[in-house]
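Numbering starts at 1 and runs along the sequence shown.
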Amino acid sequence: RYRSGAVLPAAVTALLDAAKPGLLDEYHAGQVFAALGVPETAQVFIPDGGRLPGNFSLNFPVVAKLTSPDLPHKTEVGAISLNLRGHSELTRALRDMRANVAQTAPKANVTGALVQEMAPGLGEALIGLTRDPRVGPLITLAAGGTLAEVLKDSTLRCAPVDLATARAMINEIRSFALLRGYRGHATGD
């Protein structure tokens, strides 16, 4: 969100916090996007060791994922559960994911769990911010989900990017052709 070309104070604070060395977990990265006005699905963050809040009000089904800067690929270590349909499934999934990570990635710094309402959609996109010590901040756009590494279909630009550059980046992702209505597929925005 911008006012007269200036980034709002909440976005500046979130971006400065994100500038710290190392990776951000999903929750903290989401805080940066939220401060910039990027919409996100309803969610609850549960700090590590915490329990589901008594006022848990998300609509099921939900997705639960353990948050950690050390676990960029959650599927491989059993740190994500999809389509959870009730409190008991969610509680069991959180317990099982913690046990999985304790066994498969015992040195991972788990910061908590992010529970989000499942959002229907046509596809997934990966958007990343990397700080290269020689070049500066870089924006990556790629096919998201488990296809990110399989397809190796990505584009990269120096930050910041304007709207025209963002649209050009979207058009460079070959697998997004499906989202543009290729061969009768539904068209995304």
Side-chain angles (χ1 to χ4, degrees), residues 1 7-121 123-131 137-149 154 159:
R1 297 177 193 166
V7 178
L8 293 175
V12 171
T13 301
L15 288 166
L16 288 173
D17 199 36
K20 295 175 184 168
L23 295 174
L24 290 178
D25 61 37
E26 291 80 358
Y27 175 71
H28 292 95
Q31 296 302 300
V32 174
F33 283 112
L36 291 169
V38 176
E40 56 189 354
T41 187
Q43 61 185 0
V44 171
F45 179 69
I46 304 165
D48 191 42
R51 296 181 173 267
L52 285 176
N55 62 348
F56 185 83
S57 61
L58 297 182
N59 295 314
F60 287 95
V62 297
V63 58
K65 32 185 147 168
L66 296 185
T67 57
S68 170
D70 302 323
L71 300 174
H73 305 292
K74 299 190 180 343
T75 307
E76 296 169 7
V77 294
I80 187 166
S81 293
L82 304 173
N83 294 310
L84 301 169
R85 303 213 172 266
H87 289 278
S88 61
E89 279 188 36
L90 175 56
T91 301
R92 186 172 36 256
L94 290 170
R95 182 193 64 228
D96 292 349
M97 289 188 303
R98 287 181 179 119
N100 291 341
V101 170
Q103 183 152 12
T104 59
K107 294 183 180 179
N109 175 28
V110 175
T111 55
L114 187 59
V115 181
Q116 299 170 308
E117 290 182 3
M118 295 287 294
E124 294 181 73
L126 177 149
I127 303 170
L129 170 66
T130 306
R131 293 190 175 278
L138 299 168
I139 302 293
T140 301
L141 176 66
T146 55
L147 295 177
E149 285 82 26
S154 65

Residues forming a side chain to side chain contact (heavy atoms under 4.5 Å, CB included) with [X], sequence neighbours excluded:
{"X": "Thr130", "value": "none"}
{"X": "Ala29", "value": "Leu24"}
{"X": "Pro72", "value": "none"}
{"X": "Ala99", "value": "none"}

What's the spacing between [X] [atom1] and [Y] [atom2] if we round to 0.5 Å?
{"X": "Met97", "Y": "Ile80", "atom1": "CE", "atom2": "CD1", "result": "8.0 Å"}
{"X": "Glu117", "Y": "Asn59", "atom1": "CD", "atom2": "CG", "result": "4.5 Å"}
{"X": "Leu90", "Y": "Arg85", "atom1": "CG", "atom2": "CZ", "result": "13.0 Å"}
{"X": "Leu114", "Y": "Asp25", "atom1": "CG", "atom2": "CG", "result": "8.5 Å"}
{"X": "Phe45", "Y": "His28", "atom1": "CZ", "atom2": "NE2", "result": "5.5 Å"}

Self-check item: Partners passing ring-ring contact (aromatic ring centres under 6.0 Å, His included) against His87 (at least two apart in sequence or in another chain)
Solution: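 For His87 the ring-ring contact (aromatic ring centres under 6.0 Å, His included) partners, ignoring immediate neighbours, are Phe56, Phe60.
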Self-check item: Sub-4.5 Å side-chain heavy-atom contact between Val63 and Ser81
Solution: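 Val63 does not reach Ser81 side chain to side chain.
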Quiz item: Is Leu129 close to Leu138 at the side-chain level, that is, under 4.5 Å between some pair of heavy atoms?
Solution: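 Answer no - side chains too far apart.
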Exercise. Test Ile46 against Arg51 for side-chain contact (heavy atoms from CB on, under 4.5 Å), laying out the working first.
Key: CA-CA 7 Å; Ile46 304 165; Arg51 296 181 173 267; 5.9 Å; no
Exercise. Decide side-chain contact (heavy atoms from CB on, under 4.5 Å) for Leu94 and Leu52; before the verdict, give the C-alpha distance in whole Å, the side-chain angles of both, and the deciding distance to 0.1 Å.
Key: CA-CA 10 Å; Leu94 290 170; Leu52 285 176; 4.2 Å; yes
Practice problem: Keeping to residues at least two apart or across chains, list the salt bridge (charged side-chain N to carboxylate O under 4.0 Å, His left out) pairs with something in residues 52-79. | Solution: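 As it turns out, the salt bridge (charged side-chain N to carboxylate O under 4.0 Å, His left out) pairs with a partner in residues 52-79, which skip direct neighbours, are Glu26-Lys74.
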Practice problem: Name all pairs fulfilling the salt bridge (charged side-chain N to carboxylate O under 4.0 Å, His left out) condition that reach into residues 94-109, sequence neighbours left out, sorted by first residue then second. | Solution: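 Residue pairs with at least one partner in residues 94-109: there are none.
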Exercise. State, to 0.1 Å, how close Leu141 and Ala125 come at their nearest heavy-atom pair, and which atoms those are.
Key: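 Reported closest heavy-atom pair: CD1-CB, 4.3 Å.
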Practice problem: Looking only at non-hydrogen atoms, find the nearest pair between Pro69 and Asn109 and report the distance. | Solution: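 That would be CD-O, 3.6 Å.
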Quick one: side-chain hydrogen bond (donor to acceptor under 3.5 Å, both in side chains) partners of [X], sequence neighbours excluded?
{"X": "Ser154", "result": "none"}
{"X": "Asn100", "result": "none"}
{"X": "Gln43", "result": "Glu40, Gln116"}

Practice problem: Say whether Ser68 and Thr111, considering side chains only, have a donor N or O and an acceptor N or O under 3.5 Å apart. | Solution: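 Their side chains do not contain a donor-acceptor pair, so the 3.5 Å distance test is not met.
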